[in-house]
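Because only heavy atoms are used, hydrogens play no part in the values below, and waters and symmetry mates are left out as well, while side chains stay in. Bear in mind the structure is a predicted one, so any value in this text is a computation, not a measurement. In what follows, chains are A, B, ... by sequence order, proteins preceding strands, each numbered from 1.
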Amino acid sequence: MQHAPTIDPGHETSTGIDNRKLLMWLFLASEVLFFGGLIGTYLLYRNSSVAPPCPTDCVFDGVTYQGLFDIPFTSISAFVLLMSSVTMVLALAAIQRNNKRGLGIWLLATALLGMTFLAGQAFEFTEFYHEGLTLNTNLFGTTFFVLTGFHGAHVSVGVLLLVSMFIVSQRNDWTKEHSLNVELLGLYWHFVDIVWIVIFTLVYLIQT
Amino acid sequence: MELAALVLATGVKAFFQSPAYVIGVPLVAVGGLALMLALTPFELRWPAPIRESDLPVLDDPPEGHPDASEYVKVGVFLAVVTAVEVALYYLDLAEGALLGLLLALSALKFILVVMWFMHLKFDNRLFSTMFTGGMILVLALFTIVLATLGSSLV
Amino acid sequence: MSGAVIGQQRPTIGEALRRIRLEAATYHGVWSWIATVDHKRIGLMYGATAFVFFLVGGVEALIIRLQLARPDASLVDPDQFNRLFTMHGTTMVFLVVMPLSAAFFNLLVPLMIGARDVAFPRLNAFSYWVFLTGGLFMTASFFTGNPAGAFFEGHLGAPDGGWFGYAPLTSTQFSQGTGIDFWAFGLLILGVSSMAGGFNFIVTIINMRAPGMTLFRMPVFVWMTLATSFLIIFAMPIITVALFQLLFDRLFGGVFFSVADGGTPLLWQHMFWLFGHPEVYILILPAMGIVSEILPTFSRKPLFGYPFVVFSGLAIAFMSWGVWAHHMYTTGLGTTANAAFGVATILISVPTGIKIFNWLGTMWGGSIKINTPLLFSVGFIAMFTIGGLTGVMHSMVPSDYQQQDTYFVVAHFHQVLVGGALFGLFGGIYYWFPKFSGRLLNEKWGQLHFWTMFVGFNLTFQPMMILGLLGMPRRISSYSDGLGWGFWNMMATAGAFLIAFSVVAFIVNVVVSMRSRERVGGDPWDGRTLEWAIPSPPPAYNFATIPTVKALDDFWNTKYVENEAGIPVPVVADGANGDDEEDAGHGIHLPSPSVLPLIAALGPVFIATGFIYHGNPWLLPLIPVGAVTTLVGLYGWALEPVTE
Ligand SMILES: [Cu+2]
C-alpha cells in the first residue's frame, strides 16, 4: 500500500495524478452504476407488492396492515453513518499533520460508528423478519433486503478495512507520507455514506 | 444470541431469507480477521523498516486541503440538514412540496459530502468528470427503463 | 497473542512476504509464468487460454451444425441442444472474444505508449487468474449442471437459458439443476476479471504515457482500448446487479422476476441489454483498433483522418448507451420508445460508416502490400460492412418485427462477431506474432487460413440470412422436411467445417512457424508505432530508455521524412533504429513476481460452489474457505512490497 505502484517510484505520472487515486475514483464511478441498478429496481417495484407487509400502511382484502418503516430509528442510524464520514475526514486531517495518535482515534471512532450502523440495520432486519417480512414474502421484501443488504455489505468491508488500517498504522510509523492510504479508504467510506443518503431519502422518506 | 440460534436451527437458506445476515457476515468476517491476527505465526508489522518518528505534529494541513475545523463545520451543517429532513417528514406538507424539499435537501447533503469530504472541490477535474459521468449515465438509463415499464424514479 | 515460538523472534509479515517474494523471483519454467506480473507474459497467457476456449466453443458450434444439417435429425435431444447453444454463445463472447481483446490490450498498450508495464501489474495478473478460474468454472457446468443437482450423471449439464438468460427461462421452474447457477456465478466472476482489467488499462493509458505521448499522439488501438475499458467499467456493474437478482431468485427464493408476485421479466431484459449493447462494442472496438493499426502499415500511408477515426470510436462508445431497447421492440414498449430507439440505432451507423470510409481512404493510393494481416483486415472491412448494414435493417421497427428470433438475427451478429471481431483479431495475431515470438507466421499457411476461413464464413452465414428470411426460427433443435430449409442448412454446416479446417491450418501454421529457425528483427513490417522500435521479442523491461515522443506515428517519423512531393524517403543517418543495447536492463526496477494474485483469484470459485450447493453440508463450508483464501491473498498483496 505504501509503495507507489509505478514501476519506477520516482517516475511522475503523465497527468500528475496518483495511479491509486485514479483507480479508486474509477471504481467509485463504476459502483455508481451498481447501486443505481439496485435502487432503480427498488423504485420500479415500489408499491407493486401483491401481499403484505408494506413499508407504510397498506390495505389488502379489506385488512389494514401497519407499515414497517420506523423513521425515527432509521434517521438515527442514517445520522450515525453521516457522522462517521466526519470522523473519517478528521482521521485524514490528523495524519496529514503527522498525528499518528489522532489518526488511530478517529479511525477507531469511524469503525465504531460503522458497526453501530450495522447493528442498527441488523436490529431493523430482525424486526421486519418478526413482522413477517422475508426475502421471499413479496417484492418489497426482496428489493428492500437486497438493496440495503448490499449497502450493509459495503459498510462491513469498510469496517474491516478501517480496523486493518488502524492496526497497521498504529504498529508502524505512519506519517503524512502515508496519508494517501487514509484518503483512499476515506473516499470509499464517504461513497458508502452518500449511497445511504440517497437510499434514506428515496426509500425511507419519500413515500408515494 | 437469537440470531445465531436462528441460523443454526434453520440452515443457510433460512439464514438468507431472514436477512439478518447483514450483521452475520461482517461478524464472521471481523471474527475471522481477529482469529487470523491472533493465530498468525508472524509479527504483525508493516514491511517498511521501523524508524521512530521524530517528526513533529504539524499545525497546518497540507496545501489544497481544508483545515479540520472546516470539516467539523460541514459536519454540523450536515447534522442540521438531517434534522430538518426528519422534521419535514412529520410536518403535514403537501405531497409535491414535501417531495421537492426532501429531494433538494438530500441532494445538498450529497453534494456537501462529495465536495468537502471527498475533496472534489479541490481535486483534479478528471475525478469530478468521471463521477458525475457515472451519475448522469445511471440517472438517464433508469429514468428511461422505468418510464418504458410505466413507472418513475420518484 | 499466541503462537510464538519461545526464545525465537517471530518474523514480521513483511519479512515472510519478502521471503516468498525472493523465492518467486527464482522460479523457473512453469512457476515463472504462474508468478509473473509481466504484461507480455500475461497477454500471452490470455491469448493461449482464450484460444483453447475458442476450440471448445467451436466444437459446440460444430455439434449444433451437425444436428441442423438435415431435417428431423436426432444427434442430440432438444434439452442437450439448448445447453449447447447457450454455452456456445457464452463461451464465444465471454471466454473468447473478450479475453482475446484483453490479450492484445496487455501485449500492446504498454509498448504503444512507451511504458514498462501497466499501472498495476499484480492487479493485471489477478485479472488473468480470475478469468481462467471463472472460465473453467463456467465450463465445468457441463459435468455438474444436471437436473437432479448432483455431479455428473452421464448426461451433459450446462446452462440452458441462452446466452441472454431471459427470465423466466432461467427460473427454477423452467431450468432445473444447477446449470444457470453456474452460468450466473461464472459471469459474475468473469465480470470481476473484466472490470479489474478495465480499471487497470484506463489508469495505464491516462497515467503511464511516455513523455510527449499526448492523447492525440496515441495509436488508434490505444484509443479503442480506452473506450472499451470505459464501456466495461460502466456496463459490467449493471449485469452484475441483474445476475445477483437472478441468483437471489434461484437460490434464496427472491421474487425479482416472478410475475405471480407482481414482478416483471422485462426488468431482466432491460438490465441485460443495458449491459448487452455496450458489450457488443466491447467486442468490436478492439478489433477496429487492430485494423486501424494494420492498414496504415501495409498501405505505407498514415491512417486517413486519424481524428475522425478516434472521435467516431468515442462516439460509438457513447451512443452505445442509448440503443439497448432495439433488442426489445417486440416486448411492447410502445411506439414512442420503439421509434426513439430506432432512430438512435440508425444514428450509430454514422460514426461506424465514417470509420469504414477512413479505412478505405487509408488504402486508397497507398503502396499496398498484400499479406495475411492485410487480408484479414480487408476481410474485416467487407464482412463488417455487411454485418453493419444488416444491423441497420434490424433498427427499422417493422422490419425487425419480421426478423425477430429468426436466423436472420443469427446471421447478422455472426457477421459482426466472426466476420468482424474475429477476423480483426486474427489479423492482429498475424501482425504482432513476430513482435512477441521473434518469428514470422508462415505466409502460405496464413493465406490458406485466410481464404478457407473467408469462404467457409460466407458459406456458413450467408445461407443463414436466407434461412432467416424464409422464416426459420432461432434456437430450434430440429425442423421438419418440406419446409425448404434443408439445402441452406446443409450448406451452412459445410461452411462451418471449412472454418474448422481453417482453424486447423492456423494451428499448423503456429507450430510450423515456431519451429522455423528464421528470426526477424525488431521491425519486420516497417511499422509506424513504438512497439516496433524495440527488439523482438521485447526484453522484460520493454524500453531500455523511455522514449520521448514528438509526433503521431513517432517511430515512422524517425525512419522517414517527406520530400517535397510528400513521398516518404528514408532518413539517411539511421540512428534511432539501432537497438544494440545489450544488458541495458541493469538498474531498471521491475515489479517483482508474486503468487498472491493467483491465491486471491482462487477464492471466488469456492464461494460460488458453496452457494450453489448450500444444501449440502459438505460443500457449504467452501464459502468460508473461499472467503479466507481471497482475504489471505488480498492482505498479503496489500502488505508485500511492490519491488524487491
Ligand atoms: Cu444492440
Tell me, side chain or backbone of A:A51 under 4.5 Å from chain C's heavy atoms, or both, or neither?
-> neither
By a 4.5 Å heavy-atom criterion (distance strictly below it), what part of C:A260 contacts chain A: side chain, backbone, both, or neither?
-> backbone
Of all the heavy-atom pairs spanning C:I205 and C:M218, show the shortest one and how long it is.
-> CG2-SD, 3.7 Å
Of C:D261, C:L274, C:I239, the largest count of non-hydrogen pairs under 4.5 angstrom with chain A goes to C:D261
Aromatic contact, C:F244 with A:F150 (centres under 6.0 Å) = yes
Which region of C:T264, side chain (C-beta onward) or backbone (N, CA, C, O), has a non-hydrogen atom less than 4.5 Å from a non-hydrogen atom of chain A, or is it both or neither?
-> both
Could you point out which residue of A:V192, A:V198, A:V195, A:I194 forms a side-chain contact (heavy atoms from CB on, under 4.5 Å) with A:F35?
-> A:V195
Out of A:G141, A:S30, A:A29, which one racks up the most heavy-atom pairs below 4.5 Å with chain C?
-> A:S30
Measuring heavy-atom distances to chain C, does A:F27 have an atom under 4.5 Å in its side chain, in its backbone, in both, or in neither?
-> both
Part of C:M236 within contact of chain A (heavy atom distance under 4.5 Å) = neither
Structural part of A:L44 lying under 4.5 Å from a heavy atom of chain C = side chain
Step through it carefully: locate the ring centre of A:W106, locate the ring centre of A:F166, and say whether they are under 6.0 Å apart.
-> no
Return yes if some donor-acceptor pair links the side-chain N/O of A:E131 with the main-chain N/O of A:L68 below 3.5 Å, else return no.
-> no
Is the centre of the A:F125 ring less than 6.0 Å from the centre of the A:F145 ring?
-> yes
